[in-house]
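Below is one structure, written out as structure tokens; comments come after it.
Along the sequence shown, residues are numbered consecutively beginning with 1. Computed from a predicted structure; not experimentally measured. Just so you know, ligand 1 is whichever comes first in the structure, and atom 1 is the first atom listed for that ligand.
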Amino acid sequence: MKFFIDTANLAQIKEANDLGVLDGVTTNPSLMAKEGIKGDAQIKQHYVDICNIVDGDVSAEVIAVDYDTIITEGLALAALHKNIVVKVPMIKDGIKAIKYFSNKGIRTNCTLVFSAGQALLAAKAGATYVSPFLGRLDDVSTDGLKLIEDIRIIYDNYGYETQILAASIRHPMHIIECAKIGADVATCPLQPIMQLLNHPLTTSGLETFLADYKKVNG
Ligand code: E4P
């Protein structure tokens, strides 16, 4: 399973990348705004800065919601760096744009996916990634993991190559369950990735090993 980090914070991206297990980055307009990144030039430069840190796919989201402007924005984003994946919302013009980008060999991430039907459309349009938001479904008392399972079954039934990018991940168990289901990618904030490191028996076991070593070696 690939690990992407879901942030526009350069320090956190560096920290995850330094761990040596990072395969890419996802961002969205809210995450960019959180870092105070604003204006076309600054936003584009930030994507390039991210690409210069991580050697992997970096999702850059269009703001437009009409076909022509999605295409214009997407082409400009894709031209920034070879690792940019154009992130397009799951709307009618978005699906048409994903088909256009797919025909041109430009990679896409279909975002804001909350149903299996939406994921099926994204795959048929040729999306490289589909992003089901499992945490936001859990937030409204709907089983987000069940959606990931359903998409896995549908894609496997027909051999769709669209990769399931499990998004809106909130905690380590989301990552584990997504791995069991067979999601291709998990995109997570830094904290759940780092929480995977922790187990109290690892901590206490290491303390004992080091104390025993010290007893005989001084
Ligand atoms: C994915 O691409 C989105 O940026 C993200 O996972 C949304 O997560 P949130 O629901 O925690 O905002």
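Residue Arg136 approaches ligand 1 through these ligand atoms, each under 4.0 Å from one of its heavy atoms: 7 (C), 9 (P), 10 (O), 12 (O). The atoms of ligand 1 that sit less than 4.0 Å from any heavy atom of Asp6 are 1 (C), 2 (O), 3 (C), 4 (O), 5 (C), 6 (O), 7 (C), 8 (O). Proximity to Phe133 (heavy-atom distance under 4.0 Å) selects the following atoms of ligand 1: 1 (C), 3 (C), 7 (C). Short contacts between ligand 1 and Ala167, defined as distances under 4.0 Å to a heavy atom of the residue, involve ligand atoms 1 (C), 6 (O).
Residue, atom and distance of the protein heavy atom nearest to atom 8 (O) of ligand 1 are Ser168 CA, 3.4 Å. Looking from atom 2 (O) of ligand 1 to the surrounding protein, the closest heavy atom is Lys87 NZ, 2.6 Å. Scanning all protein heavy atoms for the shortest distance to atom 4 (O) of ligand 1 gives Asn28 ND2, 2.6 Å.
Applying the ring-ring contact (aromatic ring centres under 6.0 Å, His included) test to every pair with at least one member in residues 104-136, sequence neighbours left out, gives these pairs: Phe4-Tyr129, Phe114-Phe133. The ring-ring contact (aromatic ring centres under 6.0 Å, His included) pairs that include a residue from residues 39-70 number zero, where partners must be two or more places apart or lie in different chains.
Hydrophobic cluster membership is shared by Ile176 and Leu190, with clusters built from Ile, Leu, Val, Met, Phe, Trp and Tyr side chains linked at under 4.5 angstrom. Each of Leu165 and Ile153 belongs to its own hydrophobic cluster when Ile, Leu, Val, Met, Phe, Trp and Tyr are linked at side-chain heavy-atom distances under 4.5 angstrom.
The 12-atom threshold is not exceeded at CG of Asp55, counting heavy atoms of other residues, nucleotides or ligands nearer than 6.0 Å.
Glu35 places none of its side-chain heavy atoms less than 4.5 Å from the side chain of Leu10.
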